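A quick write-up on the structure given underneath.
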Amino acid sequence: MSWLAARHPGLVPVVDEHLADNDELYPHVLFGDVTRYALALARNGEVDELDRFLTDLDAALDESEDEVANLVWASFVENASTDEDEPLRTRLRAFPHLARALRHYE
């Protein structure tokens, strides 16, 4: 998470709030907030930052150990698959590994 927050400063307050509320990192819980962060980027038309963020998550599905890939698959893509406005789902389809995970939930 520290690597991801360092690359995407908008996540820093999300992580800080999570740690303040929980006294430790609960990755799957935190990724609910991470999904809301990505949804906000999509809904606000911040496509460049969203695409940089999704590039990192897509790489995590392709290159990471199973624990990290599972976190992205189960706690990001699954949450994003319920996005009723669809702007985030639309962007996910542009990334091969995220798109594959999204198809699983659709």
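For the single chain, residues carry numbers from 1 onward in sequence order. This is a predicted model, so every value here is computed, not measured.
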TODO: If a pair satisfies salt bridge (Lys or Arg N to Asp or Glu O under 4.0 Å) and one of its residues is in residues 30-41, list it, with sequence neighbours excluded.
DONE: D33-R36

- [ ] Output all residues satisfying salt bridge (Lys or Arg N to Asp or Glu O under 4.0 Å) with E49, sequence neighbours left out; order by chain, then residue number.
- [x] R52

Task: Spacing of OH belonging to Y105 relative to CG belonging to N79, to within rounding of 0.5 Å - done: 9.0 Å

Task: Partner set under side-chain hydrogen bond (donor to acceptor under 3.5 Å, both in side chains) for D16, not counting sequence neighbours - done: none

Task: Non-neighbouring partners of P13 that pass side-chain contact (heavy atoms from CB on, under 4.5 Å), sequence neighbours left out - done: none

Open item on the list: Within this structure, what is the CE-CG distance for the pair M1 and L25, rounded to the nearest 0.5 Å?
Closed with: 7.0 Å

Task: Donor-acceptor contact below 3.5 Å, side chain N44 vs main chain A40 - done: yes

For residues 91-99, tabulate all N or O donor-acceptor pairs below 3.5 Å that involve a side-chain atom, not counting sequence neighbours.
residue, atom, partner, partner atom, Å
R91, NE, D51, OD1, 3.0
R91, NH2, D51, OD1, 3.0
R91, NH2, D51, OD2, 2.8
R93, NH1, E86, OE2, 3.0
R93, NH2, E106, OE2, 2.7

Open item on the list: For the NE2 atom of H8 and the CG atom of L57, what is their distance to the nearest 0.5 Å?
Closed with: 7.0 Å

- [ ] Please go through V12's hydrophobic cluster and name the other residues, only I, L, V, M, F, W, Y counting, with side-chain heavy atoms under 4.5 Å joining them.
- [x] none

Open item on the list: I'd like to check L50 versus L88 (side-chain heavy atoms, cut-off strictly below 4.5 Å). Are they in contact?
Closed with: yes

Open item on the list: Just to verify, what does R7 make a side-chain hydrogen bond (donor to acceptor under 3.5 Å, both in side chains) with, not counting sequence neighbours?
Closed with: D56

TODO: Scan residues 16-43 for pairs that pass ring pair (Phe, Tyr, Trp, His ring centres under 6.0 Å), counting only residues two or more places apart or in two chains.
DONE: Y37-F53

- [ ] Any salt bridge (Lys or Arg N to Asp or Glu O under 4.0 Å) involving residues 21-31? Give me the pairs, sequence neighbours left out, ordered by first then second residue.
- [x] none

